[in-house]
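Report on the structure given below.
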2 protein chains.
Amino acid sequence: MEHRIERIKKQLHSQSYKLTPQREATVRVLLENEEDHLSAEDVYLLVKEKAPEIGLATVYRTLELLSELKVVDKINFGDGVSRYDLRKEGAEHFHHHLVCIECGSVEEIEEDLLGDVEKLVEGQWGFQVKDHRLTFHGICRVCQKQAVAASASEGNEEN
Amino acid sequence: MEHRIERIKKQLHSQSYKLTPQREATVRVLLENEEDHLSAEDVYLLVKEKAPEIGLATVYRTLELLSELKVVDKINFGDGVSRYDLRKEGAEHFHHHLVCIECGSVEEIEEDLLGDVEKLVEGQWGFQVKDHRLTFHGICRVCQKQAVAASASEGNEEN
DNA sequence: TTCTAAATTGAATATGATTATCACTGTTAA
DNA sequence: TTAACAGTGATAATCATATTCAATTTAGAA
């Protein structure tokens with residue numbers, strides 16, 4: 001953790017930005033909640049717990065800054081809010097997401113599934129790929145099981 | 001064109017919605033601008049040309065409705081607005097996009113590039129894929145050429 | 001056709017996320 | 001020390017989208 005903060009600090013400095021206490025607190029929240037896909041508001045509430053004096057505007061500014069530096073990726077799952085997702089250290093590409101249309105859960109896939117597809121796009125469309133966004137919409141493992149269980153008990157009145 | 005409108009009409013009727021003049025005008029605009037990725041505001045302005053009495057709220061409602069019926073896909077390229085893209089007739093999956101980070105142009109790929117990847121996701125992650133969103137960010141053919149031209153003329157003062 | 005209930009509309013307003021403004025503070029470097 | 005200046009928090013402004021509501025239109029029933 002400290003190592004990653006140190007690294008982000010260097011990234012900031014390299015563009016003559018500072019790692020202020022507010023920015024550090026924000027980064028720590030992102031690191032501690034790496035699994036989640038927090039909105040700016042979510043981040044704000046979590047940062048407030050450690051640094052109650054921080055303002056919402058600062059959180060937005062920090063997230064925007066981290067986004068420019070490619071420390072986080074700004075993503076959008078179609079609800080009205082942007083979410084911020086830490087990029088894995090050294091990751092060249094954005095990771096993929098599995099969004100469940102039943103329960104709304106979001107799972108991440110770190111593996112790069114698109115190597116071949118990107119080559120195809122570069123070759124066939126002459127498009128020089130720099131990054132990608134891939135999201136699958138469907139039904140997660142848990143909801144699939146629930147669906148099976150529900151249909152199995154069909155006919156036996158349970159309520 | 002008429003054929004496609006007829007088909008959308010049937011889809012609406014099957015859920016007991018009506019193809020009102022306002023909805024028809026909106027659909028026509030979408031059909032006539034199939035190449036583009038129009039925002040709600042864009043659609044509104046274009047529909048106004050044929051049906052000046054239409055309200056913005058109606059356009060939003062219509063686009064939302066068409067989105068539910070999977071006639072259009074609501075997409076988001078990271079600027080603050082949703083864009084609406086007609087789904088090709090009979091297309092099971094959403095098509096892909098190539099977004100140029102230089103000039104902002106958006107190209108579409110109709111081919112389904114993800115057959116293999118989806119099988120992998122279903123097998124390895126147990127996730128039942130219903131749809132996907134895939135966008136590549138990079139540099140389009142035109143901007144690549146311009147970059148080459150610019151670097152070639154480097155040193156010769158041209159202005 | 002006439003009637004009726006439900007669907008749809010436009011205008012206006014409300015909402016909610018994000019951005020801009022601005023006065024103030026802390027930091028840096030001469 | 002002081003003079004920039006980056007960074008901050010509170011607040012107001014913006015902008016896309018959703019909602020409300022009274023008026024209108026529509027598809028069938030009678």
Side-chain angles (χ1 to χ4, degrees), chain A residues 8-29 37-69 71-85, chain B residues 8-29 37-69 71-85:
Chain A
I8 290 167
K9 187 173 179 176
K10 279 184 193 148
Q11 266 187 281
L12 284 164
H13 284 168
S14 77
Q15 318 257 334
S16 54
Y17 293 118
K18 299 166 196 168
L19 184 63
T20 63
Q22 291 90 336
R23 286 178 184 165
E24 183 172 338
T26 304
V27 169
R28 281 185 191 277
V29 162
H37 299 82
L38 302 175
S39 67
E41 187 81 25
D42 295 336
V43 174
Y44 172 61
L45 293 174
L46 288 167
V47 175
K48 270 218 141 197
E49 291 175 10
K50 343 179 127 186
E53 75 292 351
I54 200 170
L56 179 56
T58 301
V59 171
Y60 269 102
R61 284 185 285 234
T62 301
L63 291 171
E64 185 59 31
L65 181 58
L66 294 173
S67 196
E68 269 170 38
L69 295 178
V71 171
V72 303
D73 283 300
K74 193 173 177 178
I75 49 179
N76 203 301
F77 291 134
D79 52 347
V81 288
S82 293
R83 297 175 180 281
Y84 298 85
D85 217 357
Chain B
I8 290 167
K9 187 173 180 177
K10 279 183 192 150
Q11 267 187 280
L12 284 164
H13 284 168
S14 77
Q15 320 254 336
S16 54
Y17 293 119
K18 299 164 195 169
L19 183 63
T20 63
Q22 290 90 335
R23 287 178 183 163
E24 183 172 338
T26 304
V27 169
R28 280 185 191 278
V29 162
H37 299 81
L38 302 174
S39 68
E41 188 80 25
D42 295 337
V43 174
Y44 172 61
L45 292 174
L46 288 168
V47 176
K48 269 217 140 199
E49 290 175 10
K50 344 179 125 181
E53 74 292 351
I54 201 169
L56 179 56
T58 300
V59 171
Y60 269 102
R61 284 186 285 234
T62 301
L63 291 172
E64 186 60 32
L65 181 59
L66 294 174
S67 196
E68 270 169 38
L69 294 179
V71 173
V72 304
D73 284 301
K74 193 173 176 177
I75 49 179
N76 202 301
F77 291 135
D79 53 348
V81 288
S82 294
R83 298 176 178 280
Y84 298 85
D85 216 356

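This structure is a prediction, so every number in the text was calculated from the model and none was measured. Numbered from 1 within each chain, the chains take letters A, B, ... in sequence-line order.
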The answer to which of B:K48 and A:R83 contacts DNA chain C further toward the 5' end, by nearest nucleotide, is B:K48
CG (A:L12) and NZ (A:K18) are apart, to the nearest 0.5 Å, by 11.5 Å
Whole-Å distance, A:L56 CG to D:dT14 P, equals 18 Å
**Request:** Mind checking B:Q22 for me? I need base, sugar-phosphate or nothing, with any heavy atom below 4.0 Å counting as a touch.
**Result:** sugar-phosphate
Taken to the nearest whole Å, NE2/A:H13 to C1'/D:dG7 is 13 Å
Is any NZ, NE, NH1 or NH2 atom of the basic residue among A:E24 and A:K9 found under 4.0 Å from an Asp or Glu carboxylate oxygen of the other?
-> no
From CG of A:L12 across to P of D:dA6 the rounded distance in Å is 15 Å
Students often get this wrong, so: under 4.0 angstrom with heavy atoms, is A:S82 touching a base, only sugar-phosphate, or nothing? sugar-phosphate
Which of C:dT8, C:dT28, D:dT17 is nearest the side chain of A:K18? It is C:dT28
When rounded to whole Å, the CD to P distance for the pair A:E53 and C:dG26 reads 12 Å
*asked:* I'd like to know if B:E53 pairs up with B:K48 as an ion pair, taking the criterion as any Lys NZ or Arg NE/NH1/NH2 lying under 4.0 Å from an Asp or Glu carboxylate oxygen.
replied: no
In whole angstroms, the gap separating C1' of C:dA17 from CG of A:L38 amounts to 16 Å
- Give a yes/no answer on whether the side chain of B:Y60 brings an N or O atom under 4.0 Å of OP1 or OP2 in D:dT17. yes
Here the gap from A:D85 atom CG to A:S67 atom OG, rounded to the nearest 0.5 Å, amounts to 11.0 Å
Between OH of B:Y17 and P of C:dA6 the distance, given in whole Å, is 16 Å
Residue pair B:A57/B:G80 against DNA chain D: nearer the 5' end by closest nucleotide is B:G80
B:T58 has its side chain closest, among C:dT18, D:dT17, C:dT9, to C:dT9
* Asked: Using a cut-off of less than 4.0 Å, is there contact between a side-chain N or O of B:T20 and OP1 or OP2 of C:dA7?
  -> no
note: B:I54, atom CD1; C:dT9, atom P; distance rounded to Å ~ 7 Å
Discussion item. Does A:R23 reach a base, just sugar-phosphate, or nothing at all? Heavy atoms under 4.0 Å.
Written reply: sugar-phosphate
Rounded to whole Å, the OH-P distance (B:Y44 to C:dG10) equals 9 Å
Interatomic distance, OG1@A:T62 vs CG@A:L19, rounded to 0.5 Å, equals 9.5 Å
